Amino acid sequence: MFNQSRIGKYMRRSISLILVLSMVLLTGCGSKTYKAGKQLDIGVLPDLPVYGELGMAYDNAVIAQGEEIDAANYNGCYAAMLVDETTKDTIVAHNVHGKIYPASMTKIMTGILVMESIEKGDISLDDVVTLNRKVTFDDWDAMASDLVGGCSLTVKNLLYGLMITSYNDCGVILAELIAGSESAFCDMMNEKAKKIGATNTHFVNCHGLHDDDHYTTAYDLYLIIKEFSKHDLAYVIDSLDTYDFTYTDADGNEQVVTIEPTNEFLTGEVNFPDGYSIGSWKTGTTEEALNCLIMELKNDSTGEEYIALVAGADGKEALYSAMTELINKAK
């Protein structure tokens, strides 16, 4: 008979053998070893986006890398996308994770940071800004106001001029007001993009004039316009079909310029499909980006909401034709 000590010793050896065999079976190899110095340094990076228990999929449409959905009619564009925001279903997806140049769709992120600064109380719509110079651009694509050094105007006019008629100089003036320099403001833009999950985006300016290192994706723009639309002021601005852009010139005289949206659905130059309303939107056009438009839509009868995007269309006719087709697919 085994005594107690021999039984205990036998059981310990048996357990050890079982553990070793288990490790061999699970790893598939008994000879592989890992040195402590080679272990991964696992940690949590600071300032990453925080989502609910279901992650980004709870709030957003999920589209796999390279996934194409009903995309045949949009191969002439860099990218196209239509998402039913009510159900989070993707209706159209074409090159949604491919690198594109955003052009003036950049100003959506600029607008986000301006509205956040207003809501935090750092600046006010009624604050008056006096220019110390004329903001100029070495780019024929640049859309700018008539503002020169000595002119004064409110933050409201700067923001409305930026978002409605896409004045690039208004973006630079606001960036410098908020961050001290355009470069520092771009750091804020990139940080905000990272926080909302737009991790394939990089900004080097606040307006979208071309730079090879200034890029995004259709999917990232989808996330960015959703963030923009969280602000009530966004809908106020984007609902206007005209606005009186008002400033005081260097001689102290009030000047009023009636501006119109760059979105031709709002100006009536292109017929907008019946039964839908436009929410937030932004156009973009440069030689490299070609013609771009992102819009929120709402079905007036069902209340269903959509986000539609066309990027890289060769000409305005192609842009609005593709966008109209996307809207009709939502019906």
Side-chain angles (χ1 to χ4, degrees), residues 74 76-82 94-96 98-114 137 139-145 159-172 174-175 186 189-190 193 198 200-229 234 237-238 259-267 269-270 278-297 307-324 326:
Y74 307 95
C77 307
Y78 289 162
M81 184 175 182
L82 176 65
H94 169 51
N95 195 28
V96 298
K99 176 180 173 180
I100 62 172
Y101 298 123
S104 283
M105 292 187 292
T106 298
K107 296 181 175 83
I108 303 171
M109 179 60 82
T110 303
I112 290 171
L113 295 182
V114 173
F137 304 94
D139 193 319
W140 72 270
D141 283 318
M143 177 70 175
S145 71
L159 179 59
Y160 280 46
L162 173 77
M163 300 308 304
I164 295 173
T165 204
S166 214
Y167 282 153
N168 292 306
D169 54 334
C170 289
V172 175
L174 287 166
C186 287
M189 295 171 72
N190 289 320
N200 290 313
T201 292
H202 185 252
F203 297 115
V204 299
N205 61 56
C206 61
H207 40 69
L209 291 177
H210 182 72
D211 187 292
D212 286 346
D213 202 31
H214 186 95
Y215 55 83
T216 187
T217 68
Y219 189 80
D220 279 10
L221 284 168
Y222 160 72
L223 298 176
I224 291 169
I225 199 168
K226 287 184 63 174
E227 185 70 17
F228 180 77
S229 300
I237 298 171
D238 284 342
I259 59 176
E260 293 185 340
T262 55
N263 186 340
E264 294 187 0
F265 283 131
L266 286 171
T267 61
E269 296 169 83
V270 178
I278 298 175
S280 294
W281 60 271
K282 194 72 193 78
T283 62
T285 307
T286 62
E287 184 177 356
E288 295 80 8
L290 299 181
N291 293 266
C292 310
L293 174 60
I294 187 169
M295 294 197 311
E296 284 186 319
L297 311 164
I307 293 178
L309 173 143
V310 175
D314 190 7
K316 287 190 176 182
E317 183 177 348
L319 172 67
Y320 286 97
S321 175
M323 182 59 75
T324 299
L326 286 177

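Small disclaimer: the values here were computed from a predicted structure and weren't measured. Below, all heavy atoms of this structure are taken into account, side chains as well, without hydrogens, waters or symmetry copies. Numbering of residues begins at 1 and proceeds along the displayed sequence.
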State, to 0.1 Å, how close [X] and [Y] come at their nearest heavy-atom pair, and which atoms those are.
X      : Y      : result
Ala311 : Cys77  : O-CB, 3.4 Å
Ala218 : Met81  : O-SD, 3.9 Å
Leu293 : Met323 : O-CE, 3.3 Å
Asn168 : Ser104 : OD1-OG, 4.3 Å
Thr106 : Gly208 : OG1-CA, 3.4 Å
Asp212 : Lys99  : O-NZ, 3.8 Å

As an exercise, state the distance from [atom1] of [X] to [atom2] of [Y], rounded to the nearest 0.5 Å.
X      : Y      : atom1 : atom2 : value
Ile294 : Trp281 : CD1   : CH2   : 12.5 Å
Ile108 : Leu113 : CD1   : CG    : 12.5 Å
Leu297 : Leu82  : CG    : CG    : 7.5 Å
Ile100 : Asn95  : CD1   : CG    : 8.0 Å
Ile164 : Asn263 : CD1   : CG    : 12.0 Å
Glu269 : Tyr320 : CD    : OH    : 7.5 Å

Report yes if the side chains of [X] and [Y] come closer than 4.5 Å at any heavy-atom pair, otherwise no.
X      : Y      : result
Val172 : Phe137 : yes
Cys206 : Leu174 : no
Tyr101 : His210 : yes
Phe228 : Asp238 : yes
Tyr78  : Leu290 : yes
Leu326 : Tyr74  : yes
Lys282 : Thr262 : yes

- Of the options Asp220, Ile307, Ile112, which is the one that meets Ile225 in a side-chain contact (heavy atoms from CB on, under 4.5 Å)?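 So, applying the side-chain contact (heavy atoms from CB on, under 4.5 Å) to Ile225 and each of Asp220, Ile307, Ile112, only Ile307 qualifies.
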Counting only N and O atoms by type, is there a donor-acceptor contact under 3.5 Å from the side chain of [X] to the main-chain atoms of [Y]?
X      : Y      : result
Asn205 : Leu209 : yes
Asn291 : Asp314 : no
His94  : Ala79  : no

- side-chain hydrogen bond (donor to acceptor under 3.5 Å, both in side chains) between Ser145 and Asp169, worked out: CA-CA 7 Å; Ser145 71; Asp169 54 334; 2.5 Å; yes
- Please report the C-alpha distance between Lys107 and Thr110 in whole Å, then the side-chain angles of each, then the deciding distance to 0.1 Å, and finally whether the side-chain hydrogen bond (donor to acceptor under 3.5 Å, both in side chains) criterion is met. CA-CA 5 Å; Lys107 296 181 175 83; Thr110 303; over 6 Å; no
- Task: Determine, stepwise, if the pair His207 / Tyr167 fulfils ring-ring contact (aromatic ring centres under 6.0 Å, His included).
- Result: CA-CA 8 Å; His207 40 69; Tyr167 282 153; over 10 Å; no
- Message: Using the rule given for side-chain contact (heavy atoms from CB on, under 4.5 Å), can you reason through Phe265 versus Ile278, listing the C-alpha separation, both sets of side-chain angles and the distance that settles it, and then say yes or no?
- Response: CA-CA 9 Å; Phe265 283 131; Ile278 298 175; 3.8 Å; yes
- Assess the side chains of Glu296 and Ser229: does a donor N or O sit below 3.5 Å from an acceptor N or O?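 Indeed, the side chains of Glu296 and Ser229 share at least one donor-acceptor pair under 3.5 Å.
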- Message: Determine whether Tyr219 and Asn200 satisfy the following criterion, side-chain contact (heavy atoms from CB on, under 4.5 Å), listing intermediate values before the conclusion.
- Response: CA-CA 9 Å; Tyr219 189 80; Asn200 290 313; over 6 Å; no
- Query: Are Lys226 and Ser280 close enough, and set up right, to give a side-chain hydrogen bond (donor to acceptor under 3.5 Å, both in side chains), and what steps lead you there?
  - Reply: CA-CA 9 Å; Lys226 287 184 63 174; Ser280 294; over 6 Å; no
